[in-house]
Every structure is written in structure tokens, then in C-alpha cells.
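Keep in mind it's a predicted model, so treat the numbers as computed, not measured. Proteins get letters first, then strands, A, B, ... in listed order; numbering begins at 1 in each.
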Amino acid sequence: MGFELPPGDPDAIQSALNSWASVAADLKTQESATQSGFAAALGTWTGARADDFRAVSAGLQLQVHEAQATIEETAAQLRNYAAVLRNAIEEIKHLQSLANARQASADTQTNKLPAGSTQIDEIQQHAAMYVGSLMQQAETLRQNVRKAAEATAGVVDAGTSVVVPAAQHLTPAEIARRVDQSTGVVGIQQAINGNSLTADQAWAALNSAAKEVPGKAVNPDGSINWEELSKELTEVEQEEAENPAKKALDGALDLWTLSTAPPSGWALARLAEAARNFHNAESALPPDLARLNAAALDRPTISMSPDELLDSIERDMSRLTPADEAAFAANADVSEATESLLRNGLPASADWLVKGSVALGAIGDVWTLADPHSATDDKVDAGLNAVGLAATTETGTTLITGGLEATGLIAADATVGWVPVVGWGLVAGTAGYELWKHREAVGNFVTHTVPNFVTNTVPHAVSGAVHAVGSFVSDHIPHVHLW
Amino acid sequence: VGNVGGDPSRMTGGAAALHKAAAAVSSAHTAIGSDGARAAGAAGDPTLAAALSRFAAAWSTMLVDTGTQLRAASQLAANAAQDLATAGGH
């Protein structure tokens, strides 16, 4: 353990990703061009071959869309990894400079002391302890990079699984062969180049594309009817839900989806997880409060609903003034992380989550923040962890207790009993923020990407996640007013 | 009879648009492949590097194949337009 820098070149990664982003943008253009090209060809064409061509049209449009969406989303995830890597490298360099300065200072001090002075050992020991703590911080940063790399690799593999399921143990050459086998175009490129492609060869090469989208979900102009495709998916889900054998597999498939679904599916799975956490938090809050009453509160019952509790926390935390927040600025990292969290898109309606988290974060490490979810969430986790740390300060603890006393949730002399309430509140706040943060991914997934899974090997697993999030969004989000 | 009717001019226009899109989609494979390799080399983590290599192989091949399929579709539309034109249009 020392100040070794994590391997990798964030600038080179970023440069490659810029190129991928450019490809994704161009594919978006081609998606539109493909749609209008097929529409022009099919606008007046009638007959059995026109019907065949219509099915091909939808399938190929789906393929272009999948390529565009997957490359774009994977590039975005890799960009996050590059940021984590870059930050770790810069931070470790900074830590090393601090260590060098401290050691130099210790050496300067001890050189001025007479030989044999007892202060020499003391000064050097203090310096060594300080340097050791910096080394520990460097190790934590390296660990964060490793975790981010692992999570990002899962996302990248999920993107690969869109075209080749379970490709983790295949070589790139084997993967390429499987893609060729699945599309059925092997051998026709030469015929195309030689201008000798027969109609039979062409139709054979389009056979796989023609089966991608069910006929009901193909518009007359050959484009995809996304709404109908989603409906088809729901019907598949309902049929499977009535099948006990399929139902029994759902749990395992949900887990599998977490590791193998395409990026949007991955985001959705994360949302579903957040939704479950939120639901659990809501469900468990009253009993926890009841137990808390018995253990530490004066009140015999708490009549607040979870939403009322969160609202009350919002109200009371809004009393925090800039001066209060400045009290947390003693630790520069905490201040910086909190500011970063605010800069990166918290809406006014969710601002209270930050302030609330200042109060609620005291036991954050014990609850949801102990295990950062993914590289994507690093910023949020860092921010929430930071405010959690802030709340462990004397000022923070006072604010927590004061805030909860003001809500009437705890007695003035209660010092420990509020912890479960804080924990559940933090779970709810974190889950709610996760949902808000990924709201665009949810919308995109439900309206665009879900249909892509009709012919995927795990449609029921993904649709189960869609259903879970859909229900959650409709049941809970309007109620808690997160956006 | 596979082709009952159609406007050959519009169908030819559609075929040309598909031909152009096919070339653009196919050409995207180069960036996905080469920049994927570059990102893999710079990742610093062997697991991530391997995942990037697999991704680049899958999607660069898929883009080439999709482009090829679009070329085939373009040719089918053009042939159908030609057949209908020979038969007298509409």
C-alpha cells in the first residue's frame, strides 16, 4: 500500500469514447434515413413481396435503433469510469504531495532538535501516522476504481448481450462468428460487391430481420409501432405470469437481468431495486416508529405517514441557513462533494434531499450508503456520504436531534432512539433520488427500448422489471413529488 | 405474383436512400472496432478491457451485417421497382 497510481489512461479512454459518441449520433441520423427510405419504398408498393419487405423494414430499423442506443449508453457509462479513474489519479498525486510535505516538515523539525531528544521520535511517529492515513485514502481510491471497473465491465457486457447473449466466455472472434450466424449474411457481401446478388440470396439474408418485430407492431410504412410492441410484451408477460413454472423462474431471471440486460435494462433494473428499497422503507417505517415509541419516545403513538414524515423533515431541514451549512465546511472534501452534488442537477424540489441528508446521513454508512451502487452513482454516493460525514460532526448531530425534536418525533432527552427513523428516511430519500435521477432512462426504456426485447431471450424478466417500475412510478412518484 | 403494384419512381428513391444509409451504417464499424481496442488498451483493468474487446467485436460485426442487410433490402426494392416499371408501373 502506498501512493501507486491506478493503471489506465483516462484521456485515451475519453478520446475513444468521443469517437463512439460521434458514431452514435450518426447512427441516429441513419435511423431516421432508414425509416424514410423504407417508407418511400413501401408507400405505393403492394403485393405479397411488399408485405415481406414491410417485416424486413421494421426488423432492420430495430437493429439500427439498438445499435445506436446501446453504443450511446455504453459510451456514457465508460465516460463515468474515465472520470472515476481520472479523479483517483489526481487525488492520489495530491495525497502523495501532502505526505511528502509532511515528512519534509517533520525532518526539518527534528533536524533542529538535539540528538537523542525524545521529541524526535514523537514528531516522526506523528508524521508516519499522518502519511499512513493518506496511504489508506489512496488505497480507498484505488479500490473505488476497481469497483467502478467491475461495474462498468458488467454494463459493457450487457451491451454485448444485446447481440450475443452470454458472451462473457467467448473470444472476440467467436463473438463475431456468432453475430454473422445470427444475421445470416455470411457470404453475400461478396455477391453484393460483385453485383451478382440474387433475389433468393437477398431474401435469405433478411430472414432474421423479418422475424425481429411481430406483424402487429409494424406500421403500414414499415416503421415500428412502439406502443403496440410494448403491448405485445405486456401480453407475453401476463401469459407467463399465469404459468407457474415461468413464475418460479422470475426471481432468478430478475437477478440474471441485473447482470446481463442491455444498458437501459440495467438502468431499469437499478431503478426497480431502488423502487423496492423505497417501498420497503415505506412499509417498514410505521412499525419501526412504533418500536421506537416503546424504546425511546414519550409519545404512545406516531400518527405520521411516511410521506408526512419526509415532508416534516423537509420543512425542518429548510431551516438550515448558509451559516449552518458553512459549519460543515471545515472538511474541505465534504464541502466540495456537497457542492458537486448540488451543481449536478438537483432540482429545487429535491434540494431538500441534500439538506435532509445532512441530518439523515449520520448513520448512512450503516444503511444504504455502505455499498456504492455503481460507477454511475459515484457522484451521488460521494455527496451523500459526504453529508453523512458532515452529520457526524457535533454541529450536525445537534441539527439532527434538534430537527427531529421539532417535528415531535422524539423526546427532548432522546439521544439514540431516532436512529431507526433516520435510517429509513435515508433509504427512502436515496431511493427517491435514484428514481428522479434516472427518470429519462425510465421514459426512454418504456417507450423505446422495451420493444427491442420482444425477441430477446429474457423478455419476461425485463418486462417484470418494467412492470415493477411502472407500478412504482404511478403509485408513488406523484405522491412524493420528486419531479 | 409477389409485386402487385407500386410507383417505380418512389420505390427507386427509397432504394437509393437505403443504399446510402447502408454505407453509413457499415462504415461505423471501423470506429467501434478500432476505438474499442483503444479504450480496452487504456482501461487499466483486465476485466473491463476484455469486456470492451467483446463489445467492439459484437457491435462492429453487427454494424457491418446490418449495413449488408440494408444493401440487400435496397437492391430488392430497386429490383421490384424495375419489375413494376417493365410491367407498366402502378
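- For chain A, the nearby part of B:L63 is the side chain; its heavy atoms alone come within less than 4.5 Å.
- Chain A forms more heavy-atom pairs under 4.5 Å with one residue of B:A21, B:A56, B:A16 than with any other, namely B:A21.
- With a 4.5 Å cut-off on non-hydrogen atoms, A:L85 touches chain B through its side chain but not through its backbone.
- The candidate from B:A51, B:A57, B:A40 with the greatest count of non-hydrogen atom pairs under 4.5 Å with chain A is B:A51.
- The most heavy-atom pairs under 4.5 Å with chain B, out of A:V64, A:V145, A:I71, come from A:I71.
- Neither the backbone nor the side chain of A:L42 comes within contact range of chain B; no heavy atom of the residue lies under 4.5 Å from a heavy atom of that chain.
- Ion pairing between A:E139 and A:R146 holds under the 4.0 Å rule for side-chain N and carboxylate O.
- With chain A as partner, the option from B:Q69, B:M62, B:R10 having the largest number of non-hydrogen pairs under 4.5 angstrom is B:Q69.
- Looking at A:S208, the atoms closer than 4.5 Å to chain B (heavy atoms on both sides) all sit in the side chain, from C-beta outward.
- Interface remark: A:D26 contributes side-chain atoms only to the contact with chain B (heavy atom separation under 4.5 Å).
- Listed options B:G67, B:A42, B:S60 were ranked by heavy-atom pairs under 4.5 angstrom with chain A; first place goes to B:A42.
- In this structure, the portions of A:F38 lying under 4.5 Å from any heavy atom of chain B include both its backbone and its side chain.
- A salt bridge between B:R38 and B:D35 is present, with a side-chain N of the basic residue lying under 4.0 Å from a carboxylate O of the acidic one.
- Taking chain B as the reference chain and counting heavy-atom pairs below 4.5 Å, the highest number among A:P10, A:A176, A:A33 is found for A:A176.
- In summary, the side chains of A:D200 and A:T198 do not present any donor paired with an acceptor at a separation below 3.5 Å, with no hydrogens or angles considered.
- Looking only at distances, no side-chain donor or acceptor of A:Q77 sits under 3.5 Å from a matching main-chain atom of A:V156.
- Within the 4.5 angstrom heavy-atom criterion, atoms from both the backbone and the side chain of A:L197 approach chain B.
- In this structure, the side chains of A:W203 and A:R49 come closer than 4.5 Å at one or more pairs of heavy atoms.
- Ranked by heavy-atom pairs under 4.5 Å with chain A, the first of B:A43, B:A24, B:A28, B:S74 is B:A43.
- A:W20 is listed as a side-chain neighbour of A:L78, based on a closest heavy-atom distance under 4.5 Å.
- Two residues are said to be in side-chain contact when any heavy atoms from C-beta on lie closer than 4.5 Å; B:S53 and A:I175 fail this criterion.
- Not a single donor-acceptor pair under 3.5 Å links the side chain of B:T12 to the backbone N or O of B:A78.
- Annotation: maximal heavy-atom pairing with chain B below 4.5 Å, among A:V163, A:T171, A:V23, occurs at A:V163.
- Using modelled atom types and a 3.5 Å distance limit, the side chains of B:D7 and A:T44 yield no donor-acceptor pair.
- Counting non-hydrogen atoms of other residues, nucleotides and ligands closer than 6.0 Å to CD of A:Q201 gives a total above 12.
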